[in-house]
Amino acid sequence: MTLSALETPAPPAPPPPPSRPNRARRAWQKMSPYAYIAPFFTLFAAFGLFPLIYTAFVSLYRVELQTPGDMEWRGLDNYTALFSDDFFWTSLRNTFTIGVISTVPQLVMALGLAHLLNYRLRARTFLRTAMLLPYATSVAAATLVFAQLFGRDFGLINYVAGLVGIGPIDWQTGTVASQIAVSTIVVWRWTGYNALIYLAGMQSIPQELYEAAEMDGASKWRQFFHVTLPGLRPTIVFTVIVSTIGATQLFGEPLLFEGSISGGISHQYQTLGLYMYEQGWGFFHLGRAAAIAWVMFLLIVVVVGVNALLAYRRTRKEAVR
Amino acid sequence: MPTARAARRVTARLGALVLTGALLAACGGSSDADSADGANGKITLTVDLFGSFGYKEAGLYAEYEKLHPNVTIKQTDTEDEADYWKSLQTRLAGGGGLADVQGIEVGRIATVTQQQTDKFEDLKKYGAESLKGQFAEAKWAAATGRSGEVLGLGTDVGPEAMCYRTDLFKKAGLPTDREELAQRWSSWDGYLELGKKYKAKAPDKSAWLDSVGSLYSIMIGQQKERYYSASGELIWDKNPALLEAWDRSVEAAESGLSAELDQWSPQWNQAFAAGSFATIPCPAWMLGYIKGQAGDAGQGKWDIAKLPGGAGNWGGSYLSIPRAAEHKKEAYELIKWLTAPEQQEKLFRKQGNFPSSTGAIDKVADTTDPYFSDAPTGKIFGDAAKAAPVQVLGLHDQSIAQQITNALSEVERKGTDPDKAWKNASKGVANTLG
């Protein structure tokens, strides 16, 4: 229906007499695109741009939530203090390690799943939809269930581990154990989502390439490595960037895992997002929280920039080749 | 079909207009006067609380509404006090969304009296001064601002005792009589000694104590000065009483007396019914919590004895009225009634929240609790309430305590060297106060 306007272009209208309503119409025609995009930009200015700038402003002051009226100028002190702040470095390291142990398995598994789903399977639509279910589950619900499963004394996972003789693992206290537990939740939620994106990417790879490869005697594995993967490169770059951003911002899972804003008794799984929250809404140091927010923002820009640069250089190399 | 196209264009324009209009309206601010209020004199009072104050459960709201037919009370409740406090502070800073009555935990009252006197009503305006004689002196003093403002009316206090499982004690061959136990653990050394005996013969998967964090909290509750000195100086890391409480908690952790559970965690909740620990330090408000978690099956298996090492207080609350509240005068009438001796007495009998009103403390002296093997709760907690020291309250009591219990959990659950854990606590406190 909407295409009909394109298919039957309007007959060229005779030059309209310069009457009042017509001038208004012409003004509207000129202005209407702006009116159409205005809602988005108004919302963006109010809830995106303004907070961004105001956060930068606040990050230069010492501000406490209990007494928001008393702002004490600190200049860049909130930023320099972060460099000597052990908790900041711990949370940065945690963000990185949790990011790696959640993103890598997630994308590898997603790739495998997408490959399987690309075959002609029975109940394919059902399987594809089912994969999105974890993604549709709320972070809170998923995390609370996983927190029960990972319980030290009464958790299902330790019960099963106990059956095969592995002593109870303290999934909350151990650094590695707790990070694996938190990552598991992330992997569970996002694998299906990424698999569907890969699947879409795979389906846009021309079938002739596979036929040609088969004629040349390439096995399924070789086809996967030499046809599917190169064809998926832009898709993979996209998912890597999106998951990296997600991993840098990771917040809900570690917060709700034990309900601890410190990310465990030794900050063992406190991410940057959680540390920012602890400073802002645990200790009420809004200025410091704002500084962390900006550091996170810059960090994401850098990481994504490096990602994009690498991807760009690879594609250029390909093109030259 | 030009007409159809024109129609479509008009619809689209209308849509854009409506959207922009809605947006402007949304930006235009909120003028949400309660439409139910006003003309006929009917008002809705909002009460925002944390944990379990128990007013609704004890039927006090219903009673008040019957006495004041024009008043309807609406309560909201947040389980975790830390979450509640965050949300309250955010709303105070923003100046909106505040209820007519807000609950304040005793660990936070210093923030109100020292930093936020401009955000809460001075109840003297409504004649609160005349109520002073009703309350325990310390309870009243803690909610008084520097220039004598009355910033909240006291609800309950948290006199401390020790709750224990008689069935588990029996299995381990320990005495179960509360008088005899009170003598055996008249000091904390006696308590730890008994714990080691318990451990030697304890039933499988059962520890002496729920967590060293709760042991520390109850011990620090016996002290007058904890984190700040009376003059407001930060003294926690050189306070001998605090260091002693730390050392005792470390000893309990290293002797393996603890079930290594984080208080308020889901695992801790499950452990009540599973019998993972034989004793748990219990302020009066904990009784309701134990009943809730251990359930009917726990009836008669629990008992209460005097706390080792003397009387103490852990927790308790106030009811305050924010300046931004809509119905301040009516709210004052409500909190005056809720904190009156008669209501405090009813609340204790039904829910276990111990009264801060001196009149009510005498009235409940004869109370016993069948759930806890008919322990004389009125007498045990009443004696503790009278003997408990008047605590010095500071701005960051709650946050500092959290850092210390976290460090103790490290010793308990990760086997961290106590000296290292103490350093971690110091670093955490510095970061908190920042």
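Each chain gets a letter, A, B and so on, in the order its sequence line appears, and its residues count up from 1.
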Subject >> Within-4.5 Å side-chain heavy-atom neighbours: Gln66(A) and Val112(B) >> reply: no
Subject >> Sub-4.5 Å side-chain heavy-atom contact between Thr405(B) and Ile265(A) >> reply: no
**OP:** Please state whether the side chain, the backbone, both or neither of Ser262(A) comes within less than 4.5 Å of a heavy atom of chain B.
**Re:** side chain
Original post:
So, do Phe284(A) and His396(B) sit near enough that their side-chain heavy atoms are less than 4.5 Å apart?
Top reply: no
Original post:
Is any side-chain heavy atom of Trp281(A) closer than 4.5 Å to a side-chain heavy atom of Thr90(B)?
Top reply: yes
Subject >> Beyond-backbone contact of Ser265(B) with Glu258(A), side-chain heavy atoms, under 4.5 angstrom >> reply: no
**OP:** Return the minimal non-hydrogen interatomic distance between Leu433(B) and His285(A), and the atom names on each side.
**Re:** O-CE1, 3.5 Å
**OP:** Would you sort out whether Ser266(A) and Lys414(B) count as a side chain to side chain contact (heavy atoms under 4.5 Å, CB included), showing the intermediate values?
**Re:** CA-CA 10 Å; Ser266(A) 317; Lys414(B) 298 175 106 169; 3.0 Å; yes
Original post:
Non-hydrogen atoms of chain B under 4.5 Å away: do they reach the side chain of Asp170(A), the backbone, both or neither?
Top reply: side chain
Original post:
Heavy-atom distance under 4.5 Å between the side chains of Gln402(B) and Ile261(A), does that happen here?
Top reply: no
Original post:
With distance as the sole criterion, is a donor-acceptor pair present between the side chains of Thr67(A) and Gln115(B) under 3.5 Å?
Top reply: no
**OP:** Taking the side chain as every heavy atom from C-beta outward, state whether Ser276(B) and Phe154(A) have any pair of such atoms under 4.5 Å apart.
**Re:** yes
